[in-house]
Amino acid sequence: MGPPIDNGSILVHDGRILAVGPSATIKIPRAAKVVDCKGLVVTAGFWNSHVHIIMPGLLHAEKLSSEQITSQLEETLTRWGFTSVFDIASVLDNTTLIRRRIESGEVKGQGF
């Protein structure tokens with residue numbers, strides 16, 4: 001781990017980090033989408049290795065819209081910086097259904 005990089009850039013393509021460093025050293029492709037994070041701090045994503053997908057907002061996923069599931073996942077996981085979670089106890093059929101809906105692209109997420 002190195003020191004913080006002031007005025008840095010992160011180049012990401014297809015979900016993979018290609019380059020990180022001072023902005024003057026990173027060549028940004030013309031077609032790249034630029035997200036201005038001036039005044040913000042960027043960190044690596046966090047792993048949560050103790051999750052139970054049994055909260056009321058995610059139970060009975062077969063009855064929930066894609067928007068409801070996405071909203072609940074964002075509220076309980078991704079808004080806090082979790083990019084990966086490990087579910088250690090849940091209703092397997094329900095969690096599997098949510099996972100399938102994420103993998104199909106119906107629900108926003110990377111899978112869990």
Side-chain angles (χ1 to χ4, degrees):
M1 180 163 143
I5 301 170
D6 289 326
N7 191 24
S9 290
I10 304 168
L11 182 60
V12 178
H13 180 71
D14 287 338
R16 295 210 174 270
I17 296 173
L18 300 181
V20 176
S23 293
T25 67
I26 305 295
K27 182 173 167 58
I28 307 296
R30 281 184 211 206
K33 176 182 176 184
V34 176
V35 178
D36 184 0
C37 296
K38 186 174 184 151
L40 303 175
V41 175
V42 177
T43 68
F46 299 110
W47 282 56
N48 188 337
S49 60
H50 189 122
V51 173
H52 305 285
I53 307 296
I54 55 174
M55 62 276 296
L58 289 174
L59 283 177
H60 307 291
E62 74 280 0
K63 297 177 184 176
L64 301 174
S65 71
S66 300
E67 293 79 19
Q68 288 172 303
I69 294 173
T70 297
S71 176
Q72 185 66 44
L73 290 172
E74 287 175 350
E75 180 161 331
T76 58
L77 301 171
T78 58
R79 80 181 266 205
W80 303 109
F82 296 115
T83 58
S84 302
V85 299
F86 185 79
D87 178 28
I88 63 170
S90 68
V91 179
L92 185 57
D93 289 342
N94 190 68
T95 303
T96 300
L97 177 59
I98 294 170
R99 183 179 189 151
R100 285 190 184 132
R101 291 175 74 178
I102 290 170
E103 289 171 348
S104 75
E106 178 187 342
V107 170
K108 289 183 184 179
Q110 296 295 320
F112 60 93

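Remember, it's a predicted structure, so these values are computed and weren't measured experimentally.
- Trp80 places a side-chain N or O within donor-acceptor distance of the main-chain N or O of Glu75, the cut-off being under 3.5 Å.
- The minimum heavy-atom distance linking Ala32 with Ile28 is given by the pair CB-CG2, 3.8 Å.
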Assess whether side chain to side chain contact (heavy atoms under 4.5 Å, CB included) is satisfied between Glu62 and Asn94, documenting all intermediate values. CA-CA 8 Å; Glu62 74 280 0; Asn94 190 68; 4.2 Å; yes
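- By the rule that hydrophobic residues join a cluster once side-chain heavy atoms approach within less than 4.5 Å of another member, Val12 and Ile5 end up as members of one cluster.
- Residues satisfying the side chain to side chain contact (heavy atoms under 4.5 Å, CB included) criterion with Leu18, sequence neighbours excluded, are Leu11, His13.
- Listed by chain and number, the residues in a side chain to side chain contact (heavy atoms under 4.5 Å, CB included) with Ser66 are Arg101, Glu106, Val107 (sequence neighbours excluded).
- With hydrophobic clusters built from ILVMFWY side chains whose heavy atoms lie under 4.5 angstrom apart, Leu92 does not share a cluster with Leu97.
- Atom-to-atom distance recorded for Thr95:OG1 and Leu58:CG is 8.5 Å, nearest 0.5 angstrom.
- Side-chain atoms of Ser84 never come within 3.5 Å of backbone atoms of Trp47 as a donor-acceptor pair (strictly under, hydrogens ignored).
- Phe82 is connected to Val51 through a chain of hydrophobic side-chain contacts under 4.5 Å among Ile, Leu, Val, Met, Phe, Trp and Tyr, so both are in one cluster.
- The CG atom of Asn48 lies 9.5 Å from the OG1 atom of Thr76; values are rounded to the nearest 0.5 Å.
- Contact annotation: the side chain of His52 approaches that of Ile54 to within less than 4.5 Å [non-hydrogen atoms, C-beta and beyond].
- Atoms CD1 and CD1, on Ile10 and Ile17 in that order, are 6.0 Å from each other to the nearest 0.5 Å.
- With rounding to the nearest 0.5 Å, the separation of NZ in Lys108 from CD1 in Ile69 is 14.0 Å.
- If you take OG1 on Thr83 and CZ on Phe46, they are separated by 9.0 Å, rounding to the nearest 0.5 Å.
- Hydrophobic clustering (ILVMFWY, side-chain heavy atoms < 4.5 Å, transitive): Ile26 and Leu40 are in distinct clusters.
- Rounded to the nearest 0.5 angstrom, Leu59 CG and Leu64 CG are separated by 8.5 Å.
- The same ILVMFWY cluster, assembled from side-chain heavy atoms under 4.5 Å apart, contains both Met55 and Leu73.
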